[in-house]
Amino acid sequence: MQDNAVPRETVASLVDGTITWKRAKELVRLPVKDADRFWKYLDVLQSRVFWKEKILLRVSEHLYIVAKGRERLIKCDCGHEFGDYRVNWKLGSRVRVRRTREDMKKVFPVEVAMPDVERAELREYYCPGCLSLLSVETAPVGQLPVFEVLPDLDTFYRDWLGKPLPDESPDWFQDRTCELTGQWARED
Amino acid sequence: MATSRKRRCIIALDAGGTMTDTFLVGEHGEFVLGKALTNHTTEALSYGSSVEDAASYWDMTGREVHEKAISSVYTGTTMLNILLTQSGSKVGLLITRGMRDLPYVERGLTWLGLTYEEIPRQMLHEHTPPLVHPKLIREVTERTSVGSYYMGHHYMPGQVIFPMREDDGVRGVNELLDQGVEYIGILFLGSYVNPSHELRAAKIARDIVAGRGLETPVAASCEVCPLARESQRLKTLLIQCYVTKVGSEQLFEVEQRAKGYGYRWDLLTLLSYGAVANIRHPRLVEAIVSGPTGGMLGGQAVAKALGNANLVCADLGGTSWDVGLVIDNMLPVNKDPNFANHRLRIPMVDINSIGAGTGTAIRVEPKTKRITLGPDSAGSRIGTCYDYPEITVGDIDLVLGYLNPDYFLGGKVKVSRERALEALTERLARPMGQDVFEASEKVLDLLHSDMTDCINSILSSRGLNPLEFNLIVYGGSGPMHMWGVDRRVKFGGILTVPWAAAFSAFGVASADYFHRYDKAVTCLIAPGMPDEHKVFMGMGLNQAWEELENRAYQEMEAEGIPRDRVSFRYGVAASYIGQLHTWESAIPSGRVNTAADVDNIVAAFEKTYATIYPAAARFPNGHQVAEVYLEAVVPRTKPELASYPLKGRTPSKKAFKGDRKAYMDGRWMPFQTWEMDLLEPGNRVEGPAVIEHPMTTLVVPPRNYVELDEHKFVWFREK
Amino acid sequence: MGIAFGGKTLKDAVANAETLFKETGHIYGLRTLPLVEEDPAKFMKFQMRLVAACVAARSTARYITANPMALLMEELQFMLAVPEGDLAASSYGLIGHLQSAPFIIRAMASLDFEENPGIRPGDIFSCNDTRYGAPHNADCFTTIPVFYDGELVAWTMGMSHISDVGAIQAGGLGTMSVDAFTDGFIYPPTKSGEDFRLHRWWELHWERRTRTGIFNVMDEKMRATGAIILHDKVLEVVKEFGADYFRQGLKEMLERERRVMVGRIISQMVPGKYGYQAYQVVQYKGIMKSLFPFADRDWLLSYPCATTITGEGTFHMDLEGVCSEDTFYANCYEPALRMVSSIGCWPSFAYSSTLNTALQYVTDWKLPPGSMFNPQNPHAATLTGLMEGSAYLYMFMCVSALAKFARGYLEEVLPQAASGPGQAMHGVFADGTPWAGGDWPYVCAGGGPPQPFRDGAPWTFGGPNPQSDSGEIEVSEFVQPPILYLGRSIIPNYCGHGKYRSGVGVGGVQLILEPGQRLVMNSSIASGGGMGMPSHGLAGGYPEPGDVVMWVHDTNLKEIVRGGGTYPRDIVELLQWVNDGRLKAGKIDVYNRFTPSVECGDGDIFAIGAGAQLGWGDVLERDPLLVEQDVDRGWITKDVARGLYGVVLQGGKVNQAATSQLRQTMKVQRKAESVEARDWWKEERQLIAGKEMHTDVSNMYADLLRYPGFAGRFKSFWQLDEDYALQQIRG
């Protein structure tokens, strides 16, 4: 087969948004994707953060699942740690809620198209460390914050990448979010 | 060659992306070919050197042939290149208020040019360049009704709803000129039914331009393309504004070059619908021709010579397989052609293209064994045998022994069979789990089936039967693969020509001189309509034709052609009432005076429709004529195809070049190789054989033979 | 003696196919692909011939139509199915819709059509009934069996979206329907023709039961013709390759395509559970009152999805938490859900060199019985239910986006949100002539989504159909004369904002012009009724601004323009003009969701804003130069550049120093304006415990709490008592 290797610089330019449209199209058109993309990607990402914990997966622009001791944590590139990745990281963020038209139109400048303020609030989730905006959702009161992704890391590394993680365990693929709210309730 | 010095001749050039071909033909049909590298910055130069090259075969100079020339036709690539390199004029646009973003959003047609598999890949959708900067668009308050399907029950076509605000126009034009625009285009909604607003705006613009002592050209969409569909009409207008200024400058430079050589006439160029016209043609956007048009015209000439009016023309080059039709000696046109991913509204010779050429890259997915051809192509880089990274059809032609590694472009280009064999073994044979030659032949089979489907679809979409057609195959690689098509579909006859590689230039030489005009009309013929109503409807058509005739006379006169040399061909684009697409039929006369004349138009439509569609598609609910067209034709001296005395069946010894092993139908066998230019009319070459020419190669399988007729047409036949 | 291979009945053949997949996990139990293995090139040729046949059938037949949606907006499709129903090849066009075809064919099998009315060469079968596989009754399927030596070897099908279905509202996307009897013209699988000719009585049904009879008859002819053309071409291929090769070949195409998809998922995504949420609002209160009192209420509809990308490389969707079926237009059956959601699979992993339905073997759905996507009432209204199913189209796009982002294939990331209202109308001209029409420019072309490295562009994206095409105004006006375009343009600031913004939305303003005796319009929007579909942006980007449809009644616009003035060009200008009094106006109806039927008079103005998408990433991280460029183009206004993006422009150029300073201050503001999640949780919990919610929200939870899975999650997240419950209120 023709060699589809995509150089590290290209992956870096994708991450930085500096890639040319022409080159991006070439990547889309690769008849067979470069199999080692994930490793190059991790390598680029790891080189961009000042901290040392090993990145296992990128889950958002700023957020990574990292291996730290026995734990697998959600960590922001600013260094802030959100805790166990099995708990929706939004519960470790700072939340700003917009409920009024006044508040809403600052981010929906075409007022007539703004979300339905009677039924919905707009939730913005910030990183407590760097105050980057990590996620935004329109939601009626009571909606559980969307748990964007709970990866099946063991299966991914073992079966899909062929490089099992040292600390495999069935517990890793469990949503632990409600355990935290339970704890909050008890503490009040 | 003493006689040649006296001969009158026709010069025809087809400038392609890489080469500029000259076809130089004398009054007895004798011809020579010339080639030169296309000079994209100054085409006048490559024009000169290409003609010189051709002339040299007659021991003549460029000056000598130009002095003898009765016409010189040149079709270049300038305008396409301007479009692709975005190096056109600074365009200003006046448009109906509220429509300023039309050039940008362009109807959302962001997938034109993508393949079947790519179309759902929406990350690949992208807009074409807008051709006019957002800051150079001015809006004008005005609205005209386009009329409606419900006719008298609501607004009539062309009814003015909001009169034009002239000061919008005046201000707009001044602001645009202040910003130094080089061309002003004007498009208003509905101008194809009532051009008054556009024409008024054009008048205003032209006066202001003149008042400022400028020469900025102004074009209204109704002058360029008086047809419905604002978005396509706008594209057509914008391209007229964007490319034709520079385009015509190039053409005039070429004309200067020709006159410098002692050429005494106006230079002619090729139009998209397959005519030649003076380079002073007012709608030079129509000179945007897609590459294969020249070849189609060649086909038209061959069809005449053969006395069979129906011909399928197929051109196989490095990157594509282009197929078109000659029906009753005419070239059907497509009025919504896509050009460089813009959807236009000009008549363009209808051509089906697929990305299958000898440069087409081949890939095999090892897991699923999916084989893909293209979309990318090596083009002039041939394949791994030369310097392209992917394996290609060219590699296969070489490895199977069809292509002579030492005679590519007459030996000018060295290709490596070893490299190709290695690459094919590695990337094709291994994943397919087959012997490399077997695998290679299978891929050719795939290519040939693709090429055949392309021909079938263009025939069946018109309900036509291949047996009533001859097939001519040309282009640098056509003769090498025509056998693949011959095995899949039976035609009346299959042929090629020795000059297959320069067939387009030949076509350019033999084109008719005419202008085509299309005009939208409103003419509904309800079932059981009383005769007087029919006649009334007919009057509308007459009016349209008259208008077009006068326009034609004026434009022809401007090109120095007196009325008495102009004759007309008429036609309509009709449909059942309600249908949005129309089908063209030629009709004998451009005047409709009786109800019977109207019925004849309906009958002509029904005939066309019935050949295409099964009975289930008929819909006896009345008819409408949506557009009429007029072709204003001027007689033009065209090269007659020379006919030579027939020699014996057996070719002369000097033509024979020895045997070469080639692989076909699963086995290696000796193919006799011959030199194309040394074969003579009447000669017959038995397969298995390979007939070589510096610019092309003809492959003849064991079960076939070829025969040269008195025109040196090479007929491909079965033993 | 059945018509399927080996004398099997069609019914048995279908049952057999289902068992084989269950037992082996391979389509038709094909553990190996002998034809592919033996001779890949011959097989490829076989496949290409069939695809070419479908494409050719489409490019020939489409011209027969009288319907702009079919001719200019490409809303039609021609398909080839195996006897058991799976689609092996197709033209492009409305490619999502091919997912419905297998259901229709299997319905004919299970209904014993083989016995009665019989399935014979030359028969034509038509169906638009959602219960038997059609997505909604505007999508009409026309099917022709292909026989060879007395054996049913394949089916050819044509489908297209028609402009009016004869429902209580005009058009094909009405939203005022309480049951199947107000849905309009619904026909279960029907033998509509024989000997390759449509029955005359069938044409009469179209003429009597729909408002655009002639258009619809033309469209039926177009579908039948294409299917006939394809039928003939398919027979040629059968003859060329032999029936055995053909029979086996189609099945190997399907199994191979399944493997290709699974391969893409495993090599480009990440397994795990992915979250997604969308909403819709239905407002019937006051509208249904006297005629359908039982439906006289509003609903907030929740469209959650717990998506699992399994270790086997398949998608599993659990829809528990979706609302119950009810007396609204929005119910739909599994085929519709699969059809519309599949559109979200094509760009990222289902694209193919032979469009097919192998996808159905790569995706499986948990649809709670009694929920709106698995209605138990046989007469549930499904008029535009598939629009609701489209929530899961965007789910596929957003989930694939996250999965490919995590895996590092950023060039493949393409998170789309819903967009695009369709409009429909019917009326009576002054002289008493009735007419009807519909238009879809904003459904057929929408803004492009952002990617994690570039902005989206306006009008690059086709919602239902990858061949985005908004058609031509001059053609729309020709078939809808009283609706005159005053503008169709890009609306500044109208996009999902973020580090990378979506394509800027486009809108239109149209003047109602002498409609005569009557003109009634309606419009339908998929974009979440002001709640978002999806209801979130990605990676910190803002959600998409909703679509807008409005009518400004009784304006004096004609006078203004005829008096030498001019007209507003988009929704924003229009509202400004009204507010600052430049334009006199009576009643103003603004909708961010489906509209009821609105009666319009001369001088009214109809306006739409559509095609904005969600944003990607933090607005404060947007390259100031991109903002500068947007302002220069007039796509973003200066105040928004400053207020939202924190970019300070001077003389149109970025002031870098001032910009980074402003952005710092804005981050500080963020801290001041936000609270710790824990405090937010406490506060929100109070509201829920105290049941302080909008009636629609409370009604929604009252319904959802009946589903144990949802109730469990909800109560444990908010730590509510086991007996926490809400009452349905008709308030």
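Throughout, protein chains are lettered first and strands after them, A, B, ... in sequence-line order, and every chain is numbered starting at 1.
Interface summary for chain C: among A:Lys40, A:Glu121, A:Met114, A:Lys106, the most heavy-atom pairs under 4.5 angstrom belong to A:Glu121. Put simply, of A:Asn88, A:Leu63, A:Val110, A:Val95, the one with the most heavy-atom pairs under 4.5 Å next to chain C is A:Val95. When each of C:Glu544, C:Glu621, C:Arg713, C:Met693 is scored by its heavy-atom pairs under 4.5 Å with chain A, the top score falls to C:Glu621. When each of A:Ala24, A:Pro115, A:Ser132, A:Ala120 is checked for heavy-atom pairs under 4.5 Å with chain C, A:Ser132 comes out on top. Contact count versus chain C (heavy atoms, under 4.5 Å) is highest, among A:Val146, A:Asp152, A:Leu91, A:Val97, for A:Asp152. Of all the listed residues (A:Asp16, A:Val149, A:Leu122), the one sharing the greatest number of non-hydrogen pairs under 4.5 Å with chain C is A:Val149. In terms of heavy-atom pairs under 4.5 Å with chain C, the best-connected choice from A:Glu111, A:Arg119, A:Glu179 is A:Arg119.
Counting heavy atoms from C-beta on, the side chains of A:Lys33 and C:Glu411 come closer than 4.5 Å. The shortest distance between side-chain heavy atoms of C:Lys273 and A:Asp175 does not fall below 4.5 Å. Residues A:Leu133 and C:Leu620 have side chains not in contact (no heavy-atom distance under 4.5 Å, counting atoms from C-beta outward). Side-chain contact between C:Arg407 and A:Trp160 is present, with heavy atoms from C-beta onward closer than 4.5 Å.
If you measure heavy-atom distances from A:Leu161 to chain C, the contacts under 4.5 Å come from the side chain alone. Using a 4.5 Å cut-off between heavy atoms, C:Tyr279 contacts chain A through its side chain alone, with no backbone atom that close. For A:Lys25, no part lies under 4.5 angstrom from a heavy atom of chain C. Only the side chain of A:Leu57 has a heavy atom closer than 4.5 Å to any heavy atom of chain C. Of the two parts of A:Ile19, only the side chain, counted from C-beta on, holds a non-hydrogen atom closer than 4.5 Å to a non-hydrogen atom of chain C. Neither the backbone nor the side chain of A:Arg29 comes within less than 4.5 Å of any heavy atom in chain C. Interface remark: A:Gln143 contributes backbone and side-chain atoms alike to the contact with chain C (heavy atom separation under 4.5 Å). Of the two parts of C:Leu575, only the side chain, counted from C-beta on, holds a non-hydrogen atom closer than 4.5 Å to a non-hydrogen atom of chain A.
The ring-ring contact (aromatic ring centres under 6.0 Å, His included) check on C:Tyr409 picks up nothing, with sequence neighbours excluded. Checked against ring-ring contact (aromatic ring centres under 6.0 Å, His included), A:Tyr126 has no partners two or more places apart in sequence or in another chain.
Between the side chains of A:Arg96 and C:Ser674, no donor-acceptor pair is found at a separation under 3.5 Å.
In this structure, C:Arg678 pairs ionically with A:Glu187, as a charged nitrogen and a carboxylate oxygen lie closer than 4.0 Å. Residues A:Asp116 and C:Arg593 are paired through a salt bridge, judged by an N-O separation under 4.0 Å between the basic side chain and the carboxylate. Ion pairing of A:Arg123 with C:Glu683 is absent here, as no side-chain N (NZ or NE/NH1/NH2) approaches a carboxylate O to less than 4.0 Å.
In this structure, A:Ala113 and C:Tyr494 approach most closely via the heavy-atom pair CB-CE1, 3.6 Å. Minimum interatomic distance between C:Met531 and A:Pro140 (heavy atoms only, all atoms of both residues): CE-CD, 4.0 Å.
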Discussion item. Between C:Trp616 and A:Glu61, does the side-chain hydrogen bond (donor to acceptor under 3.5 Å, both in side chains) criterion hold? Intermediate values first, please.
Written reply: CA-CA 9 Å; C:Trp616 179 282; A:Glu61 280 278 305; 2.8 Å; yes

